[in-house]
Q: 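Got a structure for you, written out below as structure tokens; questions coming shortly.
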Amino acid sequence: MSAAPKFTTLGCRLNAYETEAMKRMAEEAGLSGAVVVNTCAVTSEAVRKARQEIRRLRRENPDARVIVTGCAAQTEPETFAAMDEVDQVIGNSEKMTPDVWRDMAADFVGQTERVRVNDIMSVTETAEHLIDGFGTRSRAYVQVQNGCDHRCTFCIIPYGRGNSRSVPAGVVVDQIKRLVDEGFNEIVLTGVDLTSWGADLPAQPKLGDLVMRILKLVPDLPRLRISSIDSIEVDENLMQAIATETRLMPHLHLSLQHGDDLILKRMKRRHLRDDAIRFAEEARRLRPDMTFGADIIAGFPTETEAQFDNSLRLVEDCALTWLHVFPYSPRPGTPAARMPQVDGRAIKERAARLREAGRIAVSRHLDGATGRAHRILMEAPDMGRTEQFTEVRFATPRSEGALVTATPARHDGQVLHV
């Protein structure tokens, strides 16, 4: 009996979501004896790691068929088709198509087209029907949007994901109802450009409309969380939900990228520094316990020390807590790769300073969270997260998936301890 296919996921949460759908399609198609690598293309380093992982998997599975998909396969199909270790390359749209998996399962001796990567910009629908969600026993992720209509100068992702497509609200609500019936206590809405949700739907609803509809129509859902957002696109209903809906978690991850206006313009972002600060202040005014994460790039082309300092000060000015710091690396095929580059040592040093600012911010946040009662969702018997997504460690085990109230007595600079 041939072995079930093995799947490896690189990159973002959405890739992990789609891997779950691919597993189901491969199983239903009867595919066997294969290794599937779902790649990421966000940086040149991500593509390098994908190639490295493919070589490792080939060494460990010499008789398996190696199938490569994901964003790197979509943007650089020729790179992976040229690798001796790779048998087939399929694009981001094709990987979500059951017929493609049936073709590969039915004709596994090499007659199937080796490279199946079509124009992602021609895709107009999401594959929302393929999977209700995935996650731990406590938290499920629901894809409500895919693709991006914006063209930031550092980003290759629109060319891997295509233009923005939204899952209709009724489909999202039905998915969440099923997940709540299965016992999930927290749902996370995910997408590539989440705040663009609805722009391609009739009447062009906004993300806030979707959030309010979910909370109204799924009253048994204890916790709703939204993932990374573009603050300049936040609508009035989302702000109202932040202010009035306690089941919407007080934690937002902001796609800020930089704190200097000129660099933001060179990135082709749609917000300025003051826009980010105003949004953070207003969100905290409406919800005083709100915490923020943020993506910030260090060493973007042409960045001076003074411009970097504007990013560094943004940590304080926006009261950021959870930083995702990205040392800039040129991504071939993007406009930023053709701009004057910052010295690599300076990039590394600036990224380290940003991470240190983030470490201090986390420690300050933990100081404020210690000694206060928190509602905590248990992700494992000894670990859970507060509404602000703060990790809490427990000395005695609790039920995985349960919502418990506890008061952390201390922290170690990284997590709270009960």
Side-chain angles (χ1 to χ4, degrees), residues 8-19 37-57 68-80 82-83 86 89 91-92 95 117 120 146-148 150-162 190-193 227-228 230 253-259 263-264 266-269 293-303 307-308 311 322-355 358:
T8 295
T9 305
L10 305 172
C12 67
R13 182 69 65 180
L14 189 55
N15 252 13
Y17 180 102
E18 290 169 344
T19 292
V37 186
N38 197 5
T39 62
C40 173
V42 70
T43 62
S44 296
E45 178 66 9
V47 177
R48 188 192 69 80
K49 286 182 177 178
R51 290 166 59 87
Q52 185 180 53
E53 181 70 4
I54 289 163
R55 293 189 184 103
R56 183 187 70 79
L57 289 167
V68 180
T69 186
C71 288
Q74 180 69 44
T75 57
E76 301 183 32
E78 66 288 344
T79 295
F80 297 96
M83 293 180 68
V86 174
V89 182
N92 259 340
K95 77 180 183 184
V117 181
I120 195 71
N146 202 342
C148 185
H150 310 300
R151 298 294 181 263
C152 297
T153 58
F154 55 84
C155 187
I156 198 74
I157 296 306
Y159 304 98
R161 289 284 175 183
T190 68
V192 173
D193 181 26
S227 56
S228 181
D230 202 337
H253 190 84
L254 309 178
S255 179
L256 297 182
Q257 310 305 345
H258 212 275
I263 295 295
L264 286 167
R266 287 174 177 163
M267 288 179 164
K268 212 173 178 183
R269 301 294 293 167
D295 297 328
I296 301 182
I297 296 173
F300 185 81
T302 76
E303 180 190 74
Q307 289 167 332
F308 167 74
S311 278
W322 317 111
L323 295 192
H324 286 186
V325 177
F326 296 90
Y328 176 81
S329 62
R331 183 67 179 85
T334 61
R338 301 189 296 271
M339 297 178 186
Q341 304 293 305
V342 175
D343 178 75
R345 288 167 297 183
I347 294 175
K348 186 176 180 181
E349 186 266 340
R350 290 173 187 175
R353 286 160 63 191
L354 267 175
R355 291 191 180 107

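Values in this document were obtained by computation on a predicted structure and should not be read as measured data.
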Q: Do the non-hydrogen side-chain atoms of Ser44 and Pro332 ever get within less than 4.5 Å of each other?
A: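 In contact.
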
Q: Out of the candidates Asp295, Val42, Ile296, only one should pair with Phe326 under the side-chain contact (heavy atoms from CB on, under 4.5 Å) rule; please name it.
A: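 One option only clears the test, and that one is Asp295.
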
Q: Checking Gln257 now: which residues fulfil side chain to side chain donor-acceptor pair (under 3.5 Å) with it, not counting sequence neighbours?
A: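 With sequence neighbours excluded, Gln257 shows a side chain to side chain donor-acceptor pair (under 3.5 Å) to Ser255, given in chain and number order.
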
Q: Would you say Gln341's side chain and Ala336's backbone share a donor-acceptor pair under 3.5 angstrom?
A: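 Yes, because the side chain of Gln341 sits within donor-acceptor range (under 3.5 Å) of the backbone of Ala336.
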
Q: Arg269 versus Asp230: any side-chain heavy-atom pair under 4.5 Å?
A: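 When only atoms from C-beta onward are counted, Asp230 and Arg269 do touch, with a gap below 4.5 Å.
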
Q: Using modelled atom types only, decide if a donor and an acceptor are shared between the side chain of Ser228 and the backbone of Leu254 within a distance under 3.5 Å.
A: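 Absent.
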
Q: Find out whether Ile156 and Glu76 are in side-chain contact, i.e. whether some heavy atom of one side chain is under 4.5 Å from a heavy atom of the other.
A: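 No, their side chains stay 4.5 Å or more apart.
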
Q: Is there a side-chain contact between Arg161 and Cys71, using heavy atoms and a 4.5 Å cut-off?
A: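 Yes, side chains in contact.
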
Q: Within the 4.5 Å heavy-atom criterion, are Leu10 and Val37 side-chain neighbours or not?
A: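 Yes, close enough: below the 4.5 Å cut-off.
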
Q: Out of curiosity, Tyr328 OH to Met267 CE, how far, rounded to the nearest 0.5 Å?
A: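 Rounded to the nearest 0.5 Å, the OH-CE separation comes out at 9.0 Å.
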
Q: Can you name the side chain to side chain donor-acceptor pair (under 3.5 Å) partners of Thr8, sequence neighbours left out?
A: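 By the side chain to side chain donor-acceptor pair (under 3.5 Å) rule, Thr8 matches no residue at all.
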
Q: To the nearest 0.5 Å, how far apart are CE in Met339 and CD in Glu303?
A: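 Answer rounded to 0.5 Å: 13.0 Å.
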
Q: Can you check whether Gly160's main-chain N or O pairs, donor with acceptor, with Asn92's side chain at less than 3.5 Å?
A: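 Checked: pair present.
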
Q: Name all residues meeting the salt bridge (charged side-chain N to carboxylate O under 4.0 Å, His left out) criterion together with Arg48; count only those two or more places apart in sequence or in a different chain, and write none if there are none.
A: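 Arg48 satisfies salt bridge (charged side-chain N to carboxylate O under 4.0 Å, His left out) with Glu45 only.
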
Q: Strictly below 4.0 Å, N to O, side chains only: are Lys49 and Glu53 in salt-bridge contact?
A: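 Answer for the salt bridge query: no.
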
Q: Answer whether the closest heavy-atom distance between the side chains of Arg51 and Phe80 falls below 4.5 Å.
A: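 Counting from C-beta outward, Arg51 and Phe80 do come under 4.5 Å.
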
Q: Between Thr43 and Ser329, is any side-chain donor less than 3.5 angstrom from a side-chain acceptor?
A: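 Note: Thr43 and Ser329 side chains miss the donor-acceptor criterion.
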
Q: Let me confirm one number: the OG1-OH distance from Thr334 to Tyr159, rounded to the nearest 0.5 Å.
A: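 These two atoms lie 9.0 Å from each other.
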
Q: Do Arg350 and Leu354 come within less than 4.5 Å of each other through their side chains, counting heavy atoms only?
A: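 Contact flag for Arg350/Leu354 side chains = no.
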
Q: Evaluate the side-chain proximity of Arg151 to Pro158: yes if any heavy-atom separation is below 4.5 Å, no if none is.
A: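 With C-beta onward as the side chain, the pair touches.
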
